[in-house]
Amino acid sequence: MNNRELSSTFKLIADLLEIKGENIYKILAYRRASESLSNLPQEAADLWKAGELDNIPGVGKAIAEKIDELLRSGHLGFLEKLTTEVPASLADLLRVPEVGPKKAALFWKNLGIIDLAGLEAAARTGKLNGLPGVGEKSEARILAGIEALGRRSGRTPLGQALPFAREIVAWLRAQPGISAAEMAGSLRRMKATIGDLDFSAATLTPDEVMEAFVSYPRVIRVIGRGSTKASVEFDNGLRAQLWLHPPAEYGTALLYATGSKEHSVRLREIAQKKDLSLSDHSLKHPDGTESFYADETSIYAALGLKWIPPEIREDRGEIEASRKDKLPNLIERKDLLAEFHIHSTWSDGQASIRKMAEAAMQRGLKVLAITDHSASLGVAGGLSIDELARQREEIDTVQKELGDGIRLLQGAEVEIKADGSLDYPDDALERLDIVIASLHTSLRQPREQVTRRVLSAIQNPHVDILGHPTGRLIPDREGADLDMDEVFKGAKASGVALEINAHPSRMDLEDIYARQAAGMGIPITVNTDAHHPDQLDLIEYGLGMARRAWLEPQQVINAWPVQKILSWLEKRENGN
DNA sequence: GCCGTTTTCGGCCCGACTGTTTTCAGTCG
């Protein structure tokens with residue numbers, strides 16, 4: 001059982017206990033453990049073997065025993081007993097907006113509803129209307145919510161959400177009466193996927209601003225609207241929340257709207273220990289007076305902390321680091337001087353090598369590796385050995401034409417085949433300046449098999465980078481079930497760099513893994529996988545992931561000086 | 001159920017919005 005399965009098991013327990021009406025703090029304890037497990041960079045099973053389960057935050061004696069039972073036997077008596085009391089399918093009702101644990105219990109006990117289909121049928125036939133606390137409007141909203149669930153497949157990739165959110169922020173900033181506006185929530189934290197879009201703005205005329213917001217041309221539905229907070233749905237299916245505060249409160253407001261929830265909870269705890277109460281409006285003193293903060297830096301300072309970059313506000317140690325003034329020097333766009341993963345018209349790219357190189361130069365890059373697909377990836381027009389040789393000539397020509405402004409490398413994105421062998425023979429790999437090995441096919445192999453496959457690839461002395469390690473595609477395809485600890489050990493031993501692929505549909509490695517790997521001293525590389533010159537700008541998504549992983553410039557080979565990059569490749573070439 | 005530079009017991013983050021209430025419960029973030 002992996003972390004994801006453990007995490008969802010404890011989330012299910014929390015949901016069912018909540019519907020059952022259990023003590024809220026017990027429920028919170030299960031939720032906390034569930035969150036913790038999903039954020040864990042190493043496998044809980046390994047901690048379990050080492051007898052270190054209680055090192056997991058939020059896991060105490062009772063939950064550790066349950067993890068133990070799950071890992072030993074694959075099932076959990078406690079949950080089996082619980083589901084005889086509360087049907088497991090009831091947890092699905094909580095996914096419907098407007099339906100929480102109390103309503104779910106109400107529908108179950110009064111109408112015998114135990115799943116989404118039952119709820120939908122009851123809502124359609126007007127059976128919900130008339131139950132205590134449920135009227136006509138609630139029933140209509142629940143029905144709309146169920147229909148929306150069917151339409152929307154969960155979370156939106158950051159790559160879709162961010163450009164649209166920029167449009168909204170630009171519009172907000174142009175409104176009269178708004179002195180500041182930012183995106184907030186998981187958007188601002190650069191998470192790979194986004195639920196709703198969050199915005200925070202500062203204004204002294206909230207009524208006018210709110211009126212303008214809900215009248216924005218692309219708003220098709222107003223879900224809720226007050227004087228300081230509104231929730232809308234746009235014509236593209238995305239939903240957004242806008243919070244309004246006076247400029248004097250903008251610091252606490254933006255802090256609160258940005259989250260994460262776990263980070264906010266920790267900050268409130270710190271306030272509480274100082275006998276203060278932190279809200280999105282102010283810091284309240286015991287005598288009832290309030291202090292206001294117009295920017296985030298000052299509210300962090302009031303709590304004895306340095307300002308924390310949004311990308312790492314996840315309660316993963318950033319608060320401790322901030323208190324001790326040990327926050328990482330996070331990598332920035334200007335640090336990135338090299339791009340090691342792009343495609344040209346030689347395979348499935350849309351632009352020539354020359355065009356790609358010019359676009360790279362315009363963006364200030366000093367090194368560009370041309371890494372077209374290898375032969376077996378037929379769908380992507382992979383290159384044969386002969387074509388590789390001819391491509392080398394073209395790269396040399398373009399290099400001469402463009403001069404010293406940029407250093408072009410000939411590379412390849414070589415397929416790791418199902419048996420773990422690479423798609424080019426060693427002598428062909430040896431002639432390349434840089435080699436990325438990637439999984440594209442047979443991702444569903446069992447954990448041990450797919451892990452062995454990756455290990456055998458990175459043990460090849462010619463391989464320099466493991467590309468988008470898990471092969472996941474957001475939002476449709478889960479990545480391979482790799483044993484990351486083994487992959488990291490292998491990468492460490494062979495000196496192979498692990499990629500954070502910046503393409504919004506990949507964002508792979510994830511932050512927690514990239515952080516873990518970098519912590520072991522494994523070089524990380526952030527690349528766009530661009531198939532078109534414009535796509536070189538996708539680097540911002542990879543950068544976001546790198547920052548979420550706490551990465552500093554020296555840990556990322558794209559930020560190394562050109563000479564260091566070249567000598568790193570040189571050294572690897574010589575089997576070192 | 002978890003957790004401890006106030007604590008091994010008694011706490012556990014805060015506020016807005018909505019609908020169905022005539023003073024508040026439920027949901028959400």
Side-chain angles (χ1 to χ4, degrees), chain A residues 10 13-14 17-19 21-36 53-67 78 93-107 128-142 145 184-189 194-200 206 210 222-232 239-245 249 252-253 255-284 290 303-304 315 323:
Chain A
F10 289 110
I13 291 175
L17 288 176
E18 202 168 10
I19 293 167
E22 213 6 301
N23 176 300
I24 185 64
Y25 297 111
K26 185 185 285 195
I27 292 154
L28 285 173
Y30 279 108
R31 291 209 192 287
R32 170 123 195 270
S34 167
E35 281 295 318
S36 244
L53 279 180
D54 50 2
N55 288 353
I56 303 172
V59 173
K61 189 162 172 289
I63 292 180
E65 278 171 8
K66 290 184 175 70
I67 295 175
F78 175 80
L93 301 193
L94 304 182
R95 289 167 49 220
V96 180
E98 318 283 329
V99 178
K102 299 284 164 41
K103 292 253 164 62
L106 181 76
F107 300 149
L128 305 181
N129 185 2
L131 289 173
V134 184
E136 215 170 296
K137 281 190 179 173
S138 299
E139 186 171 71
R141 289 169 79 119
I142 288 170
S186 43
L187 265 174
R188 185 164 178 237
R189 303 200 313 278
I194 307 296
D196 291 350
L197 313 180
D198 294 305
F199 301 98
S200 173
M210 217 41 120
V222 178
I223 298 160
R225 176 189 174 179
S227 58
T228 64
K229 183 181 159 188
S231 177
V232 302
R239 290 182 176 202
Q241 246 118 214
L242 173 66
W243 283 274
L244 298 177
H245 289 77
E249 299 178 6
T252 44
L255 178 69
Y256 172 83
T258 301
S260 67
K261 195 176 169 191
E262 292 74 17
H263 181 82
S264 297
V265 166
R266 289 293 312 280
L267 295 181
R268 292 217 167 100
E269 286 171 1
I270 290 171
Q272 214 179 31
K273 288 202 178 109
K274 296 177 191 282
D275 233 3
L276 301 165
S277 169
L278 175 65
S279 76
D280 54 330
H281 296 292
S282 68
L283 201 54
K284 210 177 278 178
E290 292 177 279
L303 296 173
D315 190 22
R323 197 195 331 258

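Owing to the predicted nature of the structure, the values given are computational and were not obtained by experimental measurement. The chains referred to below are lettered A, B, ... by the order of the sequence lines, with proteins before strands, and numbering in each begins at 1. Both backbone and side-chain heavy atoms feed into the values below; hydrogens, waters and symmetry mates do not.
Of all nucleotides present, only B:dG11 satisfies the Watson-Crick or G-U wobble test against B:dC2, with each distance under 3.5 Å.
Map A:Thr228 and A:Ser277 each onto its nearest nucleotide of DNA chain B; the residue landing nearer the 5' end is A:Ser277. Residue order along DNA chain B, read from the 5' end via each residue's closest nucleotide, puts A:Leu28 first among A:Lys103 and A:Leu28.
Scanning all heavy atoms of the two residues, the minimum distance from A:Pro206 to A:Ser227 falls at CB-O, 3.5 Å. The shortest heavy-atom contact between A:Ser186 and A:Gly195 is OG-N, 4.2 Å.
Taking atom C1' on both B:dG19 and B:dC3, the two are 38 Å apart, rounded to the nearest angstrom. Nucleotides B:dC12 and B:dT7, compared at atom C1', are 13 Å apart to the nearest Å. Straight-line distance between the C1' atoms of B:dT18 and B:dT23: roughly 15 Å, to the nearest whole Å. Rounded to whole Å, the P atom of B:dG15 lies 28 Å from the corresponding atom of B:dT21. B:dG1 and B:dT5: their C1' atoms are spaced 24 Å apart (whole Å). Only the P atoms considered, B:dC14 is 23 Å distant from B:dT8, to the nearest whole Å. When the C1' atom is compared between B:dT27 and B:dT20, the two are found 14 Å apart, to the nearest whole Å. Taking atom C1' on both B:dC28 and B:dC13, the two are 14 Å apart, rounded to the nearest angstrom.
In this structure a side-chain-to-backbone donor-acceptor pair under 3.5 Å is present from A:Ser36 to A:Pro57.
Within 4.0 Å of A:Glu139, counting heavy atoms only, lies no atom of the nucleic acid at all. Nucleic acid contact for A:Ser227: sugar-phosphate only, since backbone atoms but no base atoms lie under 4.0 Å from a heavy atom of the residue. Base contact: A:Lys261 has a heavy atom under 4.0 Å from a base atom. Across all strands, A:Pro101 comes closer than 4.0 Å only to sugar-phosphate atoms, never to a base (heavy-atom distances). As judged by a 4.0 angstrom heavy-atom cut-off over every strand, A:Arg225 is placed among residues touching the sugar-phosphate backbone only. Using a 4.0 Å heavy-atom cutoff across all strands shown, A:Leu278 reaches sugar-phosphate atoms only and no base atom. Counting non-hydrogen atoms under 4.0 angstrom, A:Ser231 reaches nothing in the nucleic acid.
Residues passing the salt bridge (charged side-chain N to carboxylate O under 4.0 Å, His left out) test with A:Arg95, sequence neighbours excluded: none. With sequence neighbours left out, the salt bridge (charged side-chain N to carboxylate O under 4.0 Å, His left out) criterion links A:Lys274 to no other residue. Listed by chain and residue number, A:Lys26 satisfy the salt bridge (charged side-chain N to carboxylate O under 4.0 Å, His left out) test with A:Glu22 (two or more places apart in sequence, or in another chain).
A 4.0 Å heavy-atom criterion places the boundary nucleotides of DNA chain B facing chain A at B:dG1 to B:dG29, written 5' to 3'.
The list of salt bridge (Lys or Arg N to Asp or Glu O under 4.0 Å) pairs with a residue in residues 129-141 of chain A, not counting sequence neighbours, reads A:Glu98-A:Arg141. Residues in residues 255-270 of chain A take part in these side chain to side chain donor-acceptor pair (under 3.5 Å) pairs, two or more places apart or across chains: A:Arg188-A:Thr258, A:Ser260-A:Glu262, A:His263-A:Tyr300, A:His263-A:Glu318, A:Arg266-A:Asp315.
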